[in-house]
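Just so it is clear, the structure is predicted and the values come from calculations on it, not from any experiment. Below, chains carry the letters A, B, ... as their sequence lines are ordered, and counting in each starts from 1.
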Amino acid sequence: MLTVLHALQGQLLAAMQRAFQEAGQPLDPQLAPASKPEFGDFQANGALPLAKPLGQPPRAIATAIVKQLTADPAFAELCLEPQIAGPGFINLTLRPERLAAELQARLGDPRLGVPTVEMQAPVIVDFSSPNIAKEMHVGHLRSTIIGDALARVLEFRGHPVLRLNHVGDWGTQFGMLITHLKQVAPEALTMADAVDLGDLVAFYRQAKARFDDDESFQTTSREEVVKLQGGDPVSLKAWGLLCDQSRREFQKIYDQLGIRLTERGESFYNPHLQAVVDDLRAVGLLVVDAGAGCVFLEGVSGKDGQPLPLIVQKSDGGFNYATTDLAAIRYRFAPGPGGDGASRVIYVTDAGQASHFAGVFQVAQRAGWIPSPCGVEHVPFGLVQGDDGKKLKTRSGDTVRLKDLLDEAVERTEADLRQRLADEQRSEDEAFIQQVATSVGLAAVKYADLSTNRITNYQFSFDRMLALTGNTAPYLLYAVVRIAGIARKGGDLGAGAVASLTFSEAQEWALVRELLKFDGVIAEVEQELLPNRLCNYLFELSQVFNRFYDQVPVLKAEEPARSSRLALCRLTTDTLSLGLGLLGIPTLERM
RNA sequence: GGGGCUGUAGCUCAGCCGGAUAGAGCGACGGUUUCCUAAACCGUAGGUCGUGGGUUCGAGUCCCGCCAGCCCCGCCA
């Protein structure tokens with residue numbers, strides 16, 4: 001309905017100009033979707049702010065606007081007679097035939113009315129980013145799920161999206177890992193093929209334990225870091241083996257979640273780190289303080305009111321994460337072939353890194369690495385908390401492994417499903433049970449995360465996310481299943497445009513109006529980067545559909561109502577499937 | 001000390017650029033099954049939007065103070 005909205009916006013503004021062109025006041029129709037169904041489809045609040053400057057009652061102003069508006073034949077074609085309500089709101093209701101026409105246009109449209117962007121510069125979404133040689137844990141859950149959903153929405157809008165996995169594949173911890181590897185599995189370094197190093201987490205723990213206890217191991221580890229940074233072939237080979245092993249483990253999770261990522265770890269930027277510091281020096285931003293290369297931040301002061309530095313070169317000459325992040329920004333905005341030529345770079349990381357990114361972005365900005373119309377954004381999200389409101393931990397107090405968390409969701413779903421089958425005396429084969437349990441379980445985890453505003457902390461609860469009622473994945477998936485049921489029972493949902501759509505019931509019109517909101521919601525998510533807006537919409541759509549399904553017969557209806565209702569079913573399932581798909585959630589035929 | 005985020009119904013959360021009587025879901029209570037999957041639907045109860053000021057036609061929303069919780073603050077990421 002965005003095109004309708006824009007048309008109305010123009011008509012309202014023109015009407016206001018005709019009515020009050022002498023006023024010399026800024027005119028804004030303040031057009032918005034109606035706050036309640038009884039107010040129609042849209043409301044224009046623009047009369048109210050004019051009351052004082054014009055010295056007229058707001059309802060009189062609204063009346064004057066409406067008079068001009070109704071004189072516009074284009075408006076009369078779109079809307080019924082506007083209503084003035086309350087202190088001076090102008091309520092607009094679209095003509096039923098316009099609504100039906102809008103719906104008709106979406107029936108044959110795989111994009112469901114969502115336009116494709118013209119601009120073709122790449123958008124980078126930086127998300128997930130686990131550390132090599134460590135396991136993915138609950139801390140990676142939100143970044144991975146939210147980042148994937150945002151990437152999908154941007155891709156759907158037509159942006160070329162680069163999904164970057166900025167894995168932690170460099171740093172001092174590799175000294176001890178490589179030293180340990182060389183001593184424990186020297187044969188791995190001489191073999192041509194990748195070897196299975198087994199449980200990397202245990203491997204990491206062993207290396208860490210030795211590093212903490214054994215002084216000579218520490219010394220060797222430190223020397224190993226230097227060798228690695230110096231490009232020693234054996235050290236590099238060992239490093240590569242560790243990365244490969246980690247990569248295989250990460251990939252299992254990504255496959256399970258259906259998430260596609262391009263790995264480009266921190267090490268990728270190593271060749272560019274020195275240039276970052278050189279550039280900063282060249283533009284006069286670099287200050288050496290206590291031996292460290294710093295850029296002092298503007299508008300950020302520390303304890304004694306002194307400006308706070310961003311350290312880009314340690315006093316020992318080494319680089320740190322700020323250097324790497326700066327190198328990444330510089331590379332991502334730089335034109336090809338030595339850069340990505342991005343127009344927008346989005347970082348999906350936890351809110352705790354907000355000040356770090358603010359500092360890095362400021363320095364990149366001042367260094368001139370972010371070209372003018374382009375933008376860099378931190379997309380923060382809150383902590384994952386347990387039922388107790390504290391950071392989520394296992395019963396023994398350990399960090400929750402992502403794999404365990406996902407497995408438990410699937411197991412719980414399976415147990416639920418088996419119970420239900422028994423209660424209903426339904427019989428399904430094993431493959432069906434596994435498929436439904438996996439699909440619903442993972443969908444529930446994703447949806448629960450995506451459906452709350454990402455900025456606040458998120459309270460993780462299997463019971464809530466797997467509930468079959470309320471704003472949950474199972475509820476939405478069930479709406480899709482119901483429509484699939486109608487199709488199985490003889491409803492033809494595959495037909496093209498229906499000759500004429502006719503609606504008579506309130507539930508039908510409610511569904512029509514809800515379906516037409518889809519394009520606006522997508523535009524909002526693209527701009528605000530808030531997936532919960534899409535979740536809320538899909539939940540409301542499911543509710544409106546369930547009301548319709550409950551109260552209005554489809555298959556048993558007489559023509560022409562039957563075809564029109566089937567068209568509503570078809571558009572509902574298409575919208576839910578597309579919307580859930582953009583959240584990374586596949587739908588089911590039966591459950 | 002400085003900075004950031006959060007505070008809305010018993011619980012979990014929405015709330016768009018400041019707009020009409022602040023909304024859902026869960027839980028509670030009460031209904032609905034010859035009928036497309038009741039994993040659903042309908043209804044009732046439940047609020048000093050942390051708090052005190054300010055801005056204005058109008059504030060949950062914007063500004064200032066305060067309270068509470070969480071997070072960040074020089075060589076980890």
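- When both pairing distances are held under 3.5 Å, B/rC36 makes no Watson-Crick or G-U pair with any nucleotide shown.
- Side chain of A/Met591, nearest nucleotide from B/rC72, B/rA39, B/rC16: B/rA39.
- The side chain of A/Ile311 lies closest to B/rC75 when the candidates are B/rA40, B/rC75, B/rU6.
- Here the side chain of A/Phe89 is nearest to one of B/rA14, B/rC36, B/rA20, namely B/rA20.
- Put simply, CG on A/Leu383 is 15 Å from P on B/rC5, counting in whole angstrom units.
- Look at A/Phe39 and the base of B/rA20; the rings stack, centres closer than 5.5 Å and planes less than 30° apart.
- Using a 4.0 Å cut-off between charged side-chain N and carboxylate O, A/Glu540 and A/Lys517 make no salt bridge.
- Candidate nucleotides B/rC70, B/rC36, B/rC76 were compared by shortest atom distance to the side chain of A/Lys314, and B/rC76 ranks first.
- Across all strands, A/Asn453 comes closer than 4.0 Å only to sugar-phosphate atoms, never to a base (heavy-atom distances).
- A/Ala322 comes within contact range of no nucleotide atom at all, as no heavy-atom separation falls under 4.0 Å.
- Residue-to-nucleotide contacts include no donor-acceptor pair under 3.5 Å from the side chain of A/Asn546 to the base of B/rA38.
- In the set B/rC76, B/rA14, B/rA20, the nucleotide with an atom closest to the side chain of A/Thr456 is B/rA14.
- Within the nucleic acid shown, A/Leu555 comes within 4.0 Å of at least one base atom, counting heavy atoms only.
- Distances shorter than 4.0 Å separate none of the side-chain N or O atoms of A/Gln459 from OP1 or OP2 on B/rC11.
- Proximity note for A/Arg547 (side chain, C-beta onward) versus B/rC42, B/rC36, B/rA40: the nearest is B/rC42.
- Close to B/rG23, at under 4.0 Å from its OP1 or OP2, lies a side-chain N or O of A/Lys36.
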Show the numbers, then the answer: is there a side chain to side chain contact (heavy atoms under 4.5 Å, CB included) between A/Phe250 and A/Ile132? CA-CA 9 Å; A/Phe250 296 157; A/Ile132 293 289; 4.2 Å; yes

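- Between the CD1 atom of A/Ile483 and the C1' atom of B/rA40 there is a distance of 13 Å, given to the nearest Å.
- Using a 4.0 Å heavy-atom criterion, one finds that A/Gly352 contacts the sugar-phosphate atoms exclusively.
- For the OP1/OP2 pair of B/rC5 and a distance below 4.0 Å, the side-chain nitrogens and oxygens of A/Tyr458 include no atom meeting the criterion.
- Considering only side-chain N and O atoms, A/Asn471 lies nowhere under 4.0 angstrom from the phosphate OP1 or OP2 of B/rA14.
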What verdict does the side chain to side chain contact (heavy atoms under 4.5 Å, CB included) test give for A/Leu326 and A/Leu310, after you've listed the backbone C-alpha separation in whole Å, the side-chain angles of each residue and the deciding distance to 0.1 Å? CA-CA 11 Å; A/Leu326 283 170; A/Leu310 183 77; 4.2 Å; yes

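- Between A/Arg464 and the phosphate of B/rG27, there is no side-chain N or O to OP1/OP2 separation shorter than 4.0 Å.
- Checking B/rC76, B/rC36, B/rA40 against every side-chain atom of A/Tyr321, the shortest atom distance belongs to B/rC76.
- A ring-centre distance under 6.0 Å is not found for A/Tyr347 and A/His166.
- The shortest distance between side-chain heavy atoms of A/Tyr475 and A/Asn546 falls below 4.5 Å.
- Annotation: of the two residues near RNA chain B, A/His356 and A/Asn457, the 5′-most nearest-nucleotide partner is A/Asn457.
- Counting to the nearest Å, the P atom of B/rA77 and the CE atom of A/Met136 are 20 Å from each other.
- Heavy atoms of A/Asn45 sit under 4.0 angstrom from at least one base atom.
- Here B/rA77 is the nucleotide among B/rC57, B/rC5, B/rA77 with the atom lying nearest to any side-chain atom of A/Gln353.
- Ring-centre distance between A/Phe319 and A/Tyr269: not below the 6.0 Å cut-off.
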Using the rule given for side-chain hydrogen bond (donor to acceptor under 3.5 Å, both in side chains), can you reason through A/Thr438 versus A/Gln434, listing the C-alpha separation, both sets of side-chain angles and the distance that settles it, and then say yes or no? CA-CA 6 Å; A/Thr438 305; A/Gln434 291 307 321; 4.9 Å; no

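- A/Thr469 comes within 4.0 angstrom of the backbone, heavy atoms only, and of no base.
- In this structure, A/Arg533 atom CZ and B/rA24 atom C1' are separated by 15 Å, rounded to whole Å.
- Nearer the 5' end of RNA chain B, as judged by each residue's closest nucleotide, is the contact made by A/Asn532, out of A/Gly470 and A/Asn532.
- Comparing B/rU12, B/rC73, B/rA38 by their closest approach to the side chain of A/Leu308 singles out B/rC73.
- Nucleic acid contact for A/Ala479: none, since no nucleic acid atom lies under 4.0 Å from a heavy atom of the residue.
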